[in-house]
Amino acid sequence: MTIHKKPAASALLSWYDRHHRELPWRISPAMARRGVKPDPYHIWLSEVMLQQTTVAAVKAYFAKFIALWPSVDDLARAPAEDVMVAWAGLGYYARARNLKKCAEAVAADHGGRFPDTEEGLKSLPGIGDYTAAAVAAIAFNRQAAVMDGNVERVISRLHAIDGPLPGSKPQMKEKVAAMTPADRPGDFAQAMMDLGATICTPKRPACALCPFNDVCLALATDEPERFPVKAAKKEKPVRQGAAFVAVDEDGHLLLRRRPDSGLLGGMTEVPTTGWTARVDGETGTDAAPFAADWQACGTVTHVFTHFELRLGVYRVHLARTEAGAVHGFWAPVTNLDAEALPTVMKKAIAQAIPSAFSTTKG
DNA sequence: TACTCGTGGCC
DNA sequence: TGGCCAAGAGT
């Protein structure tokens, strides 16, 4: 006799009790049983950092932020520039700008306490469908349907959903909602994500260890890796430009601040041409911040989400008076960690001045 | 809806 | 080694 079984939250929670990962922002089931409650500020901060970002990359930044700003009120009072400096290197810098705005809103409009419902959370900057549900479930024990990329993969396999993403998202969300228990919804959400991260992986899933291997329709097809089906990707264009690294007689570097919106918004850069400009021979230094004896010192390549950038790097050493009035500011090359430099700019600076980040990360 | 928006690790 | 992917949000 064959009985069609549905995937049960209880099977997953049992697996989670035995196999969950310890994470700095997480309250383990054992701690929860002792009455330890999650700090909504920690949950929110970690969830924003984890948007499209790996756990490994987030850990150090989470520790830094908690040390610098122990509460949401502290973060609300911090200078925005300090937040951008602390976020530098983590990517998707709109998150940092919205993080600050969200902290200010919580401090000013909610008495320093996060809203405890999905709806209230989603009204805040930088909190969308996923993060609202995750914070509601994990921090406030709300029965919210939490769906990230991990959960999409797990659900698409459990139900062998053929419809390609992102169009099939609503259908998957219904499946998650139907499965989410009233008891321990936060642990359930974290369990689904842990399962996707460690067992139901994109390649070579460990189905033999999966608590759902008796009900998974994708496994029954013998091609679990075929799911989730995704729309075809667009080709990644190449853009190019030139970056100019000027160093004065005191070892100061000419930097600029990028506009607040758009790519690398609000971050610091060395002067560059536009990123579609040709860089061939003598035309390369036409758009330099000032006329000087610019020396070509190689090229750096950096891959963004939707294009690849190739920057020809030029450098010059000169007295600051020779540079004249420039747009930007001069910062000591020995203290670049104090600047909100995205990785692509650290690469360009390191190309011109190999020792610039030798004692730090780079 | 479809596009914009970073970075690092993985196989 | 290069494509893929990661606890997505804003517009």
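Just so it is clear, the model here is predicted, and its values are computed rather than measured. Proteins get letters first, then strands, A, B, ... in listed order; numbering begins at 1 in each. Values below: all heavy atoms of this structure, side chains included; hydrogens, waters and symmetry mates excluded.
- Checking L124(A) against V55(A), the closest nucleotide of DNA chain C that is more toward the 5' end is the one next to V55(A).
- A ring-centre distance under 6.0 Å is not found for F212(A) and W15(A).
- Across the protein-nucleic acid pair, K346(A) atom NZ and dT7(B) atom C1' stand 12 Å apart, rounded to whole Å.
- In this model, the phosphate group of dG6(B) is not approached by any side-chain N or O of T53(A) to a distance below 4.0 Å at OP1 or OP2.
- Distances shown here put every side-chain N or O of K122(A) at or beyond 4.0 Å from the OP1 or OP2 atom of dA9(C).
- Atom pair L264(A):CG and dT4(B):P shows a separation of 15 Å (rounding to whole Å applied).
- Residue H302(A) places its side chain closer to dT7(B) than to any other of dC5(C), dG6(B), dT7(B).
- Remark: the Y130(A) side chain and the dG8(C) base include no donor-acceptor N/O pair separated by less than 3.5 Å.
- Regarding contacts with the backbone of dG10(C), every side-chain N or O of R95(A) stays at 4.0 angstrom or more from both OP1 and OP2.
- Atom pair L99(A):CG and dA9(C):P shows a separation of 13 Å (rounding to whole Å applied).
- Of the two residues contacting DNA chain B, namely A56(A) and P166(A), the nearest-nucleotide position lying further toward the 5' end is that of P166(A).
- Counting to the nearest Å, the C1' atom of dA9(C) and the OH atom of Y93(A) are 17 Å from each other.
- Between K100(A) and E104(A), at least one side-chain N (NZ, or NE/NH1/NH2) sits under 4.0 Å from a carboxylate O, which counts as a salt bridge.
- Nucleotides dC5(B) and dA7(C) have their P atoms positioned 23 Å apart, rounded to a whole Å.
- By the 6.0 Å and 45° rule, R157(A) does not stack over the aromatic ring of F227(A).
- The distance from atom CZ of R204(A) to atom P of dC5(C) is 16 Å, rounded to the nearest whole Å.
- Atom-to-atom, NZ of K59(A) to P of dG8(B) comes out at 18 Å; the value is rounded to the nearest Å.
- When the P atom of dC11(B) is taken as reference, atom NZ of K203(A) falls 13 Å away, rounded to whole Å.
- Salt-bridge annotation for R257(A) and E81(A): present, with a side-chain N of the basic residue lying under 4.0 Å from a carboxylate O of the acidic one.
- A salt bridge is defined here as a Lys NZ or Arg NE, NH1 or NH2 lying under 4.0 Å from an Asp or Glu carboxylate O, and R204(A) with E225(A) fails to meet this definition.
- Taking atom P in both dT11(C) and dG6(B), one finds a spacing of 14 Å when rounded to whole Å.
- Using a 4.0 Å heavy-atom cutoff across all strands shown, V344(A) reaches sugar-phosphate atoms only and no base atom.
- In terms of position along DNA chain C, the nucleotide closest to T54(A) lies nearer the 5' end than the nucleotide closest to the other residue of the pair N98(A) and T54(A).
- At a threshold of 4.0 angstrom between heavy atoms, the contacts of W25(A) include nucleobase atoms, whether or not backbone atoms are also involved.
- Checking dA7(C), dC5(B), dA6(C) against every side-chain atom of N150(A), the shortest atom distance belongs to dA7(C).
- Residues D260(A) and R97(A) are not paired through a salt bridge, judged by the lack of any N-O separation under 4.0 Å between the basic side chain and the carboxylate.
- An OP1 or OP2 oxygen of dG8(B) is reached within less than 4.0 angstrom by a side-chain nitrogen or oxygen of T343(A).
- dT7(B) atom P lies 11 Å from atom CG of L341(A), rounded to whole Å.
- Minimum atom distance to the side chain of T131(A) is reached by dA9(C), of the listed dC5(C), dC5(B), dA9(C).
- Not one side-chain nitrogen or oxygen of H306(A) sits closer than 4.0 Å to the OP1 or OP2 atom of dC3(B).
- For dG8(C), one of the phosphate oxygens OP1 or OP2 lies less than 4.0 angstrom from a side-chain nitrogen or oxygen of Q52(A).
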